[in-house]
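Both ligands and their constituent atoms are indexed starting at 1 by order of listing.
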Amino acid sequence: MCGIVGIIGKENATEILIQGLEKLEYRGYDSAGIFVSRDDKQEYLVKSLGRIADLKKQITPEVQGTIGIGHTRWATHGKPSEGNAHPHTSNNRQFILVHNGVIENFEEIKEEFLKNFQFEGDTDTEIVVNLIQHFAQTGMTTKVAMKKALTVIRGSYAFALIDKNDPTTIYVAKNKSPLLIGLGDDFNVICSDAMAMLNQTNHFVEIADGELVTVQADKINIEDEKGNSIYRESYEAQLDLSDIEKGTYPYYMLKEIDDQPTVMRRIIQEYTNAVGTTVIDEQIIRKITASDRIYIIACGTSYHAGWVGKAIIEKMTTIPVEVHLSSEFGYNMPLLSENPFFIFLSQSGETADSRQVLVQTNALGLPSLTVTNGSGSTLSREADYTLLLHAGPEIAVASTKAYTAQIAVLALLAKAVGDEKGNQVSIDFNVAHELSVIAAVMETIIDEKMVISQLVEKYLTDTRNAFYIGRGVDYYVSMEAALKLKEISYIQAEGFAAGELKHGTIALIEEGTPVFGVITDKKTAAHTRGNLKEVESRGANNFVIALASLAKETDQLVLPDVHPLLTPLVSILPTQLIAYFATLQRGYDVDKPRNLAKSVTVE
Ligand code: M6R
């Protein structure tokens, strides 16, 4: 989703903004722009539809500045176009604004305050920059006008504003959308994500919702809603620039698939001790043990990981688990149990749909844990507890290593709670050992890349659609495998419960339709094979991914056996590679699929 960068106090603002925007490309966007101003008040606004590379082509050598803001836009209000790209300018050309988020009451604002204003595009952001002009014209200072505008606006936002009449300050505020201040020597920066400015500084200050921050070259000032100045310690970002480079890999997705064995080993190190006992905050364990039901709230890939988590947690802890889509739960909350415990599962920790549920559960005083890769993210800050995934930055839009990391961390959590409850099945489950076996098995699957690439050529070259089917955890994996395939290759793919296919969807099977069967569970293997026969006799081109102990000679991919509760950690791997190669063979951008954003910060 939209990304924001800003800098004040360095000669080469343009270059720094562009580098920052490039680092934010992974979030997904359709247009981009920068505004820079020099000390002599020469100023430049450059915008472009398309990629940062397209924007760069329009930046001529004189576009230089010591202060500037930049933006990547993922369209919500108004189609992707140069006119709708940020930064936006007020009617009197005094104010320049970039925005991430959605203003819910922009039409009412236009009607009430901006009847005599002209609008160049269709964005809600143009309403805000003109609202600030409107208040400034009543005699308010820029800061007061911005504060006043914030009291009128409803919605999610991260704003960075420059007043051209005083290019010594960037005014910054946020609500629900992420934004950080980065501290430098005689310069300061702003960014949606620390990664964007890591080559300038690794000291960052968080901003809370409702605060207004003035950022100048030599100082920042944070004010709360009442106008009191607040001092907040900076923190050091635990990120290394090399973590966010793809090195010799052609795409981040391939690197991140390959990272998975290392991530498994890192998780074992982080959450277990030398003798393999789980090491997880005891308060979390006690709270979960005392609960009568766990609610896992998540979206997309994290939601799919949540289903696998449910299977493991229920087995280990005997506590019932419900898995809900955040975007549904928030507006149709089911009847809750007496002592619920909420787990928010989110790679980024910034997903707006999940956050709106957390706001509600917090208001109800219900205990919560965020399991995330985003240290210091919004969901992490606002939940009672956090467990980090330690997966390292995931840049490709298609989530891979975060999915397997989520399952591994939930398995360790389940083990810790199960042991606390004295459940024998948990006591007998040596998770650390099983995860280390998984890491080794992952390596063997990754080594088979080229075999998978050849199979993909045979099965997916010209297909319009495809199905993944399985039962139990194999169904959960099928949902995730289908999401992976469709989101990057644009093949219409669905994950189905194998037994459910015959109740309607089997009508879609035609001559040559690829159907991938996932078979890792002894109890359901025969039934899934039966369902594969049903589709085969209707023309399907079957592709079976099976565990060695359940495999037949004719199966296309055979995976080494692993602990029955953790099979999704290995069966998902070939499906990630299938999606990767199908996309590559179709000539699409693996890392930046159309219409998608990495961090979905609007509801
Ligand atoms: O950051 P989150 O895990 O909360 O994101 C949720 C989904 O947007 C995300 O998992 C999405 O489905 C994946 N990028 C798909 O690969």
Side-chain angles (χ1 to χ4, degrees), residues 1 25-29 74 176-178 192-193 195 251-254 256-257 260 296-309 323-330 342-358 368-380 382-383 386-389 391-407 409-410 468 476-477 479-490 493 495 572-573 575-580 582-583 588-603:
M1 299 247 134
E25 281 193 291
Y26 78 96
R27 295 165 70 93
Y29 69 106
W74 188 84
K176 299 185 192 171
S177 299
S192 301
D193 183 327
M195 273 194 244
Y251 287 99
Y252 280 105
M253 185 181 176
L254 192 60
E256 289 158 10
I257 292 173
Q260 292 176 104
I296 297 182
I297 309 295
C299 313
T301 291
S302 299
Y303 171 73
H304 298 152
W307 279 98
V308 177
V323 187
H324 290 272
L325 286 170
S326 316
S327 53
E328 285 297 308
F329 190 95
F342 281 81
I343 298 181
F344 291 86
L345 211 50
S346 172
Q347 185 282 131
S348 62
E350 297 295 349
T351 302
D353 286 323
S354 299
R355 202 245 177 181
Q356 55 93 13
V357 179
L358 179 56
S368 58
L369 160 72
T370 290
V371 178
T372 184
N373 211 22
S375 140
S377 61
T378 308
L379 286 171
S380 163
E382 296 183 1
T386 296
L387 291 178
L388 290 177
L389 297 177
E394 191 183 66
I395 310 284
V397 165
S399 187
T400 52
K401 61 177 176 174
Y403 171 84
T404 43
Q406 283 168 336
I407 294 171
V409 171
L410 288 180
Y468 271 94
Y476 308 149
V477 167
M479 292 194 287
E480 173 55 12
L483 175 62
K484 225 59 329 153
L485 184 59
K486 72 181 131 188
E487 72 177 320
I488 57 173
S489 75
Y490 315 139
I572 198 65
L573 239 93
T575 77
Q576 296 169 342
L577 287 163
I578 287 170
Y580 174 81
T583 309
Y588 296 122
D589 185 336
V590 174
D591 288 339
K592 298 187 210 104
R594 68 186 178 210
N595 304 339
L596 290 179
K598 181 70 182 165
S599 189
V600 185
T601 51
V602 296
E603 280 176 40

Ligand 1: protein residues within heavy-atom distance under 4.0 Å: Cys299, Gly300, Thr301, Ser302, Ser346, Gln347, Ser348, Thr351, Val397, Ala398, Ser399, Leu483, Lys484, Glu487, Val600
Donor-acceptor under 3.5 Å (Gln347 side chain, Ala402 main chain): no
Residue list, side chain to side chain donor-acceptor pair (under 3.5 Å) with Thr404, at least two apart or on another chain: Gln260
For Phe329, all residues meeting ring-ring contact (aromatic ring centres under 6.0 Å, His included), sequence neighbours excluded: His324, Phe342
Residues that Tyr403 engages under ring-ring contact (aromatic ring centres under 6.0 Å, His included), provided they are two or more places apart: none
No-hydrogen, no-angle side-chain donor-acceptor test under 3.5 Å, Tyr580 and Gln576: no
Aromatic centroids of Tyr588 and Tyr490 separated by under 6.0 Å: yes
